[in-house]
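Only a predicted model underlies this, so the values are computations on that prediction, with no experimental measurement involved.
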Amino acid sequence: MSDLGRVVVLAGGLSHEREVSLRSGRQVTEALRAAGCDVDLLDTDAGLVPTLLGDRPAAVFPTLHGAAGEDGAVRDVLELMKIPYVGARPAACRLAFVKPVAKDAVAAAGVATPAFVTLPHTTFRDLGAGRLLDLIVERLGLPLFVKPAQGGSALGASTVRTSAELPEAMVSCYAYGDTALIERFIEGTEVAVSVVDTGSGPVALPPVEIVPRHGVYDYPARYTPGETEFFVPARLAPDVEDAVRRLAVEAHNRLDLRDLSRTDLIVDGSGRPWFLEVNVAPGRTQTSLFPQATRGAGADLGVLCRDLLQNAMIRLRSS
């Protein structure tokens, strides 16, 4: 048995990504137990704070996705209780969770990211949707990619190849968020690069190449076994692989993240990587990208999670 003491994995919550979070939580819990840890899996509900205060864990591993889980709110609560936890601090979560803000911050460091505009639902409704969409196409061109400015798992996201497809894409997007991010669609190879830091500085794990069976990495393609083919490491030229690893570490550092993150990007036909977004709580389901990258690095997920928890405990003691 690990000498960490009892640790807690947080999962669930009330976001659109609740089911994914529960699956991530179960996977991390099983991996930690296999690594010798005493671990409990807790849902994030009204009983959470009394439970944590009544029986304080040695550390917490959040596997929450979507609002509250990735916007820093739950981490604010953990800091109020002075319980060590794995992952970025609340301020960094708030920066990374809002995709347009994260894109601006990373672009300021010289990282390429597709041109984009954001459009709140109220603006879309009040200022004349038709003309606004015409202006977006005139400025950004086609094809486009539309997604909520916050959230993940490709919920509300769609590719737009003709002007006629844009209104429906906007409606779908607004079903999952109040603000849409519309960016130029970059044709190329979809790649995800996870970054971990167990105390010696951030290191990029092998990039994962994503090849959806039906051409779109949507919710079913992400979480249904067999719907997507993955290549670890990604089938990239050595210099391009080095570039995507550097980009992921640069995004991690620029956004002041810690412990772990996952950067999603596209490598275009010329080999240039384009930053799309960063995830402060990457999924850890059986089909998720972070566990695949961990295996690709020859590491064990449970041991890595245990090391991250131990590092969080050391960090709090030395603060």
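- V195 and I210 sit in two unconnected hydrophobic clusters of ILVMFWY residues. Membership requires side-chain heavy atoms under 4.5 Å apart, directly or through other members.
- Note that CG of L78 and CG of L52 are 7.0 Å apart. Values are rounded to the nearest 0.5 Å.
- Cation-pi check for R235 over F231 is met; the charged atom lies under 6.0 angstrom from the ring centroid and within 45 degrees of its normal.
- Residues P84 and V60 are not in side-chain contact: their nearest non-hydrogen atoms beyond the backbone lie 4.5 Å or more apart.
- Side-chain atoms of D197 come within 3.5 Å of backbone atoms of S200 as a donor-acceptor pair (strictly under, hydrogens ignored).
- H65 places no side-chain N or O within 3.5 Å of a backbone atom of R18 that could act as its donor or acceptor partner.
- Between atom CG of residue L257 and atom CG of residue L95 there is a gap of 8.0 Å, rounded to the nearest 0.5 Å.
- Under a hydrophobic clustering in which Ile, Leu, Val, Met, Phe, Trp and Tyr are joined whenever their side-chain heavy atoms come within less than 4.5 Å, directly or via other members, V191 and V106 fall into the same cluster.
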Practice item. Before giving the answer on side chain to side chain contact (heavy atoms under 4.5 Å, CB included), spell out for E17 and L155 the whole-Å C-alpha distance, their side-chain angles and the decisive distance to 0.1 Å. Key: CA-CA 9 Å; E17 298 172 77; L155 294 170; 3.9 Å; yes
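- Remark: R23 CZ to T285 OG1 distance equals 5.0 Å, nearest 0.5 Å.
- Between L144 and L140 the shortest side-chain heavy-atom distance falls below 4.5 Å.
- Without hydrogens or angle criteria, S21 side chain to G12 main chain gives a donor-acceptor distance under 3.5 Å.
- Counting only heavy atoms from C-beta outward, the side chains of F290 and L301 approach each other to under 4.5 Å.
- Of the N and O atoms on the side chains of Q150 and Y176, not one donor lies less than 3.5 Å from an acceptor on the other residue.
- Nearest approach of S261 to P282, heavy atoms of both residues: C-CG, 4.3 Å.
- Residues I266 and T189 have side chains not in contact (no heavy-atom distance under 4.5 Å, counting atoms from C-beta outward).
- For the pair L64 and V74, the minimum side-chain heavy-atom distance is below 4.5 Å.
- Side-chain atoms of R284 do not come within 3.5 Å of backbone N or O of P291 as any donor-acceptor pair.
- When hydrophobic clusters are built by joining Ile, Leu, Val, Met, Phe, Trp and Tyr residues whose side-chain heavy atoms come closer than 4.5 Å, directly or via intermediates, L142 is not grouped with L276.
- Under the side-chain contact (heavy atoms from CB on, under 4.5 Å) rule, V39 has a single partner from T29, L4, V8, which is T29.
- Counting only distance, with no hydrogens or angles, the side chain of S172 and the backbone of E168 share no donor-acceptor pair below 3.5 Å.
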Practice item. Check step by step if side chain to side chain contact (heavy atoms under 4.5 Å, CB included) holds for F61 and L41. Key: CA-CA 9 Å; F61 200 118; L41 175 62; over 6 Å; no
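- In this structure, R26 does not pair ionically with E30, as no charged nitrogen and carboxylate oxygen lie closer than 4.0 Å.
- Contact detail for R245 and V193: the closest heavy-atom pair is CA-CG1, 4.3 Å.
- Comment: D40 engages R6 in a salt bridge, judged by a side-chain N to carboxylate O separation of less than 4.0 angstrom.
- Taking hydrophobic clusters as Ile, Leu, Val, Met, Phe, Trp and Tyr residues chained together by side-chain heavy-atom distances below 4.5 Å, L255 shares a cluster with L247.
- A side-chain donor-acceptor contact under 3.5 Å links K103 to the backbone of P114.
- When all heavy atoms of D43 and A11 are compared, the pair lying nearest together is OD1-O, 3.2 Å.
- Across all their heavy atoms, V280 and C93 have their closest contact at CG2-SG, 4.1 Å.
- Scanning both residues, T263 and F275, for their nearest heavy atoms gives CG2-CD1, 3.7 Å.
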Exercise for review: Assess whether side chain to side chain contact (heavy atoms under 4.5 Å, CB included) is satisfied between R161 and T159, documenting all intermediate values.
Suggested key: CA-CA 6 Å; R161 297 195 178 276; T159 304; 4.1 Å; yes
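- Using a 4.5 Å heavy-atom cutoff, the side chains of E209 and E229 are not in contact.
- Both tests hold for R258 against Y85: distance to the six-membered ring centre under 6.0 Å, angle to the ring axis within 45°.
- Between the side chains of T179 and H121, no donor N or O sits under 3.5 Å from an acceptor N or O.
- Using a distance-only test at 3.5 Å, with no hydrogens or angles considered, a donor-acceptor pair links the side chain of R306 to the main chain of A35.
- Note that CG of L308 is 9.5 Å distant from CG of L32, once rounded to the nearest 0.5 Å.
- Other residues, nucleotides and ligands contribute at most 12 non-hydrogen atoms within 6.0 Å of the CZ atom of R213.
- Two residues are said to be in side-chain contact when any heavy atoms from C-beta on lie closer than 4.5 Å; L42 and L48 meet this criterion.
- When atom types are taken as modelled, the side chain of E241 and the backbone of A237 share no donor-acceptor pair closer than 3.5 angstrom.
- More than 12 non-hydrogen atoms from other residues, nucleotides or ligands lie less than 6.0 angstrom from CG of D268.
- Listed by first and then second residue, the salt bridge (Lys or Arg N to Asp or Glu O under 4.0 Å) pairs that reach into residues 307-319 are D259-R315, sequence neighbours excluded.
- A salt bridge links R131 with E138: at least one charged nitrogen is closer than 4.0 Å to a carboxylate oxygen.
- Of all heavy-atom pairs spanning R262 and G283, the tightest one is NH1-N, 4.0 Å.
- R222 contributes a side-chain N or O that, together with a main-chain N or O of Y217, makes up a donor-acceptor pair within less than 3.5 Å.
- Looking only at side-chain heavy atoms (C-beta outward), K99 and F116 stay at 4.5 Å or farther from each other.
- In this structure, CG in L133 is found 4.5 Å from CG in L166, a value given to the nearest 0.5 Å.
- Under the 4.5 Å side-chain heavy-atom criterion for Ile, Leu, Val, Met, Phe, Trp and Tyr, M170 and L135 are members of distinct hydrophobic clusters.
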Practice item. Evaluate the criterion side chain to side chain contact (heavy atoms under 4.5 Å, CB included) for residue pair M81 and L53; output intermediate values, then yes/no. Key: CA-CA 8 Å; M81 293 187 286; L53 289 176; 3.7 Å; yes
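- Of the inter-residue distances, the one linking E183 atom CD with F145 atom CZ reads 7.5 Å to the nearest 0.5 angstrom.
- Between the side chain of T63 and the main chain of L10, a donor-acceptor pair closer than 3.5 Å is present.
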